[in-house]
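Reviewing the structure listed below.
For the numbers below, each heavy atom of this structure counts, side chains included, while hydrogens, waters and symmetry mates do not. If you read the sequence from its start, that first residue is 1, and numbering goes on from there.
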Amino acid sequence: MKKVLVISSSLRAGSNSEALADAFARGAAESGHDVEKLTLRDKEIRFCKGCLACQQTRRCVIADDAPAIVSKMHDADVIAFASPIYYYEMCGQLKTLLDRANPLYASDYRFRDVYVLTSAAEDRDHVPDRAVSGLTGWIDCFGKARLAGSLFAGGVTAPGEIRGHAALHAAHEAGKSC
């Protein structure tokens, strides 16, 4: 049994990327994993100050919701990040969280497999490339971790429009096999 953390970064309730997160979480739970899904929607996550104090203390000096999320990331075996694609990139909430995860760099983190689940109104294959590249850049800083999978649901705009999309099944299957 693995400890699986699914982080939905969309600020829109019922978003298409959150539906991907839910499908991944369901699949992982069906396989007997310990699954926690959280959303950044109601979280206060301020920008990293770049002070690097966390490299010495393993704690961030900013008092908001990020340290608790980063602690959960530290303890997870698998992390799945779900993000809408904005201007061909991951959403700002997710990028800000990744920046604030700097205390993990000098720690003995557990995660090995990282997944990225994205959705966008545009449906061309290249749409998620920059988001995947950005997350891969973050993963590359963690020598024991790898990008285990990337799923994209294109052609979905309004909340719930993803219903019936093949990417939902793929996210569920990825969760089952994580």
Side-chain angles (χ1 to χ4, degrees), residues 1-11 17-18 20-21 24-25 28 33-41 43-120 125-153 170-171 174-175 177-178:
M1 179 176 77
K2 296 178 184 174
K3 192 169 187 176
V4 178
L5 178 64
V6 181
I7 299 175
S8 175
S9 61
S10 178
L11 298 183
S17 62
E18 187 160 16
L20 290 171
F24 187 96
H33 299 302
D34 176 16
V35 180
E36 179 178 1
K37 180 193 156 225
L38 63 88
T39 177
L40 302 185
R41 183 173 30 262
K43 305 292 189 223
E44 179 189 358
I45 302 174
R46 297 194 308 250
F47 295 119
C48 177
K49 295 179 179 188
C51 68
L52 299 178
C54 61
Q55 296 300 293
Q56 309 304 319
T57 65
R58 310 271 194 291
R59 304 186 80 203
C60 184
V61 299
I62 302 170
D64 62 6
D65 293 320
I69 297 168
V70 170
S71 177
K72 292 175 185 285
M73 291 168 64
H74 177 276
D75 296 338
D77 298 302
V78 176
I79 303 173
F81 294 106
S83 176
I85 298 293
Y86 296 149
Y87 298 104
Y88 299 98
E89 185 52 272
M90 72 179 80
C91 68
Q93 301 82 252
L94 179 53
K95 175 61 171 112
T96 300
L97 176 64
L98 294 177
D99 289 347
R100 291 290 303 287
N102 204 32
L104 293 173
Y105 182 73
S107 75
D108 188 21
Y109 56 89
R110 258 176 78 174
F111 59 90
R112 300 296 182 264
D113 292 337
V114 180
Y115 292 81
V116 60
L117 316 168
T118 57
S119 66
D125 290 341
H126 75 276
V127 171
D129 290 353
R130 291 181 190 142
V132 173
S133 177
L135 184 61
T136 302
W138 181 82
I139 295 167
D140 286 348
C141 295
F142 299 94
K144 297 182 280 185
R146 70 183 181 105
L147 179 64
S150 171
L151 297 169
F152 172 61
S177 65
C178 74

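Enclosure of atom OH in Tyr86 by more than 12 non-hydrogen atoms of other residues, nucleotides or ligands within 6.0 angstrom is indicated. No more than 12 heavy atoms of other residues, nucleotides or ligands sit less than 6.0 Å from atom CZ of Arg130. The number of heavy atoms from other shown groups lying within 6.0 Å of CD (Gln56) does not exceed 12. Counting heavy-atom neighbours within 6.0 Å of Arg59 CZ, excluding the residue itself, gives a total of 12 or less.
Of all heavy-atom pairs spanning Tyr115 and Ala148, the tightest one is CZ-CB, 3.6 Å. Closest approach of Cys178 to Ala28, counting heavy atoms only: SG-CB, 4.0 Å. For Gly175 against His33, the heavy-atom pair with the smallest separation is O-CD2, 4.4 Å. Nearest heavy atoms, Arg46 versus Ala63: NH1-O, 3.6 Å. Closest approach of Ile62 and Cys48 over heavy atoms only: CD1-CA, 4.4 Å. Nearest heavy atom pair, residue Leu117 against residue Leu20, reads CD1-O, 3.8 Å.
Using the six-membered ring where Trp is involved, Tyr88 and His126 have ring planes that are parallel, under 30° apart on the 30 and 60° scheme. Using cut-offs of 30° and 60° for the angle between ring planes, the Phe111 and Trp138 rings count as parallel.
Note: Ile7 CD1 to Glu36 CD = 9.0 Å, rounded to the nearest 0.5 Å. Rounding to the nearest 0.5 Å places CZ of Arg100 at 7.5 Å from CD1 of Ile45. With rounding to the nearest 0.5 angstrom, the OG1 atom of Thr118 is 5.5 Å from the CZ atom of Phe152. Rounding to the nearest 0.5 Å places CZ of Phe24 at 8.0 Å from CG of Leu151. Within the model, atoms CD1 of Ile85 and CE of Met90 stand 8.5 Å from one another, a figure rounded to the nearest 0.5 Å. Annotation: the span from Asp65 atom CG to Leu40 atom CG amounts to 9.5 Å, rounded to 0.5 Å.
With hydrogens and angles disregarded, a donor-acceptor distance shorter than 3.5 Å links the side chain of Asp77 to the backbone of Lys3. No donor-acceptor pair under 3.5 Å is formed between the side chain of Glu44 and the backbone N or O of Asp64. Between the side chain of Ser133 and the backbone N or O of Asp129, no donor-acceptor pair lies under 3.5 Å. In terms of modelled atom types and a separation under 3.5 Å, the side chain of Thr136 and the main chain of Val132 share a donor-acceptor contact.
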Going through the checks in order, is the side-chain contact (heavy atoms from CB on, under 4.5 Å) test met by Asp99 and Phe47?
CA-CA 8 Å; Asp99 289 347; Phe47 295 119; over 6 Å; no
Could you go through the side-chain contact (heavy atoms from CB on, under 4.5 Å) check for Asn102 and Val70 one step at a time?
CA-CA 9 Å; Asn102 204 32; Val70 170; over 6 Å; no
Give the C-alpha distance, both sets of side-chain angles, the deciding distance and a yes or no for side-chain contact (heavy atoms from CB on, under 4.5 Å) between Cys51 and Val61.
CA-CA 9 Å; Cys51 68; Val61 299; 4.0 Å; yes
Would you please test Tyr109 and Met73 for side-chain contact (heavy atoms from CB on, under 4.5 Å) and show each step?
CA-CA 8 Å; Tyr109 56 89; Met73 291 168 64; over 6 Å; no
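None of Cys91, Ser10, Ser83 except one satisfies the side-chain contact (heavy atoms from CB on, under 4.5 Å) rule with Ser17; the exception is Ser10.
Looking at Lys37 and Glu18, their side chains come closer than 4.5 Å, going by heavy atoms from C-beta outward. Contact annotation: the side chain of Phe81 never approaches that of Ser9 to less than 4.5 Å [non-hydrogen atoms, C-beta and beyond].
Contact check on Lys95 versus Glu89 returns no salt bridge, with no Lys/Arg side-chain nitrogen under 4.0 Å from an Asp/Glu carboxylate oxygen. With respect to Lys144 and Asp108, a salt bridge is recorded, a charged nitrogen being found less than 4.0 Å from a carboxylate O. Using a 4.0 Å cut-off between a side-chain N of Lys or Arg and a carboxylate O of Asp or Glu, Asp34 and Lys2 do not qualify as a salt bridge. Salt-bridge annotation for Asp75 and Arg110: absent, with no side-chain N of the basic residue lying under 4.0 Å from a carboxylate O of the acidic one.
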